[in-house]
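Throughout, residue positions are numbered sequentially from 1 according to the sequence presented. Because the structure is predicted, anything quoted here is derived from the model rather than measured.
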Amino acid sequence: MKRALLILFIIFVVMQFIRPNKENFVVQKELEIKANEEVMTMLKTSCFDCHSNETVWPWYSQIAPFSWVISTHVNNGRKALNFSIWENYTPEQKEEKTKALFRTAYAAMPLQSYLYIHEDANLTKEQRKIIRDWTGVKSK
């Protein structure tokens, strides 16, 4: 039993040396998405950690394997939609991403795993409706 625990401890220590990239890029405010203050507050509270270059990396994001999972979520989130570079998107990309935001506002985002630790990021039905209305997309 002691030997198995020692091996697991050594594996855990070695895992700490495999560091994912957790970079926040310089934010140019002129490229950031524009919205009224109410919507921006909701987006910053519930979306920006994964969908912007302004990620707040919590202390547990320094510990493997959590660091691997969190950095993967952030990198995938930024690839899907990055509010920090909104103005770099083409009009077609903006329309596509706005439609995706409309679709996911009610059910998919923020991820449940994120909400376990970030309860303040949970959007109420009213807030979700405000974001959907703000997108200007018409539901079918």
Side-chain angles (χ1 to χ4, degrees):
M1 183 68 163
K2 287 182 186 178
R3 187 176 205 171
L5 288 175
L6 179 62
I7 291 171
L8 286 175
F9 178 74
I10 291 170
I11 290 171
F12 178 77
V13 170
V14 170
M15 287 170 48
Q16 304 315 306
F17 291 99
I18 304 170
R19 310 293 296 174
N21 181 18
K22 294 184 299 195
E23 187 174 358
N24 278 346
F25 302 98
V26 175
V27 176
Q28 297 175 344
K29 291 297 182 184
E30 64 272 7
L31 296 179
E32 191 173 73
I33 194 165
K34 308 293 187 275
N36 62 53
E37 187 176 340
E38 180 182 31
V39 170
M40 283 302 289
T41 298
M42 287 184 265
L43 294 176
K44 286 186 179 209
T45 301
S46 300
C47 309
F48 267 47
D49 269 352
C50 293
H51 295 284
S52 80
N53 294 336
E54 299 177 52
T55 302
V56 176
W57 299 98
W59 66 268
Y60 52 86
S61 71
Q62 304 299 323
I63 302 168
F66 305 112
S67 59
W68 305 338
V69 173
I70 293 167
S71 66
T72 298
H73 281 219
V74 171
N75 290 333
N76 290 341
R78 286 177 178 170
K79 284 179 190 168
L81 169 63
N82 189 334
F83 291 118
S84 295
I85 60 167
W86 183 259
E87 293 303 323
N88 282 341
Y89 293 137
T90 65
E92 294 80 19
Q93 289 173 314
K94 286 180 184 178
E95 182 178 348
E96 174 188 319
K97 291 177 187 308
T98 301
K99 286 179 182 177
L101 182 59
F102 177 86
R103 287 189 306 270
T104 61
Y106 263 92
M109 294 290 162
L111 295 175
Q112 191 62 43
S113 58
Y114 182 77
L115 294 175
Y116 289 136
I117 298 174
H118 301 90
E119 293 175 9
D120 60 325
N122 198 4
L123 295 166
T124 66
K125 283 188 177 186
E126 293 80 24
Q127 289 173 315
R128 292 173 190 274
K129 183 179 181 328
I130 290 168
I131 290 173
R132 288 188 84 183
D133 291 347
W134 170 78
T135 66
V137 176
K138 304 294 180 202
S139 61
K140 293 180 181 179

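- Judged as a side chain to side chain donor-acceptor pair (under 3.5 Å), the pairs with a partner in residues 77-89 (not counting sequence neighbours) are, in order, Asn24-Arg78, Asn53-Asn82, Thr55-Arg78, Glu87-Lys94.
- Through ILVMFWY side-chain contacts below 4.5 Å, Val69 is grouped with nothing and stands alone.
- The OG atom of Ser52 lies 10.0 Å from the CG atom of Leu43; values are rounded to the nearest 0.5 Å.
- The nearest pair of heavy atoms linking Arg128 to Asn122 is NH2-OD1, 3.5 Å.
- Met42 and Ile130 get closest at one heavy-atom pair: CE-CG2, 3.4 Å.
- Distance CD1/Ile33 to NE2/His51: 11.5 Å, rounded to 0.5 Å.
- Once rounded to the nearest 0.5 Å, the distance linking CD of Glu96 with CD of Glu92 reads 10.0 Å.
- Residues that satisfy the side-chain contact (heavy atoms from CB on, under 4.5 Å) test with Lys29, not counting sequence neighbours, are Val27, Glu32, Lys44, Glu54.
- What you find for Cys47 and Phe83 is that their closest heavy atoms are CB-CE1, 3.7 Å.
- In this structure, CH2 on Trp68 lies 4.5 Å from CD1 on Ile18, to the nearest 0.5 angstrom.
- Atoms CD and CD1, from Gln127 and Ile131 in turn, are 7.0 Å apart once rounded to the nearest 0.5 Å.
- Clustering ILVMFWY residues whenever any of their side-chain heavy atoms sit less than 4.5 angstrom apart, transitively, puts Leu31 in a cluster other than the one holding Phe48.
- Every residue two or more places apart in sequence or in another chain that forms a side-chain contact (heavy atoms from CB on, under 4.5 Å) with Tyr60 is listed here: Pro58, Ile70, Ile117, His118.
- Counted within 6.0 Å of CD on Glu30, heavy atoms from surrounding residues, nucleotides or ligands total more than 12; the atom is thus considered enclosed.
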Evaluate side chain to side chain contact (heavy atoms under 4.5 Å, CB included) for Met40 paired with Trp134, printing each intermediate quantity in order. CA-CA 11 Å; Met40 283 302 289; Trp134 170 78; over 6 Å; no

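- Every residue was checked against the side-chain hydrogen bond (donor to acceptor under 3.5 Å, both in side chains) condition with Glu38, not counting sequence neighbours, and none meets it.
- When hydrophobic residues (I, L, V, M, F, W, Y) are linked wherever their side-chain heavy atoms come within less than 4.5 Å, the members clustered with Val13 are Phe9, Phe17.
- Taking OG1 from Thr135 and CD from Glu95, the interatomic distance works out to 11.0 Å, rounded to the nearest 0.5 Å.
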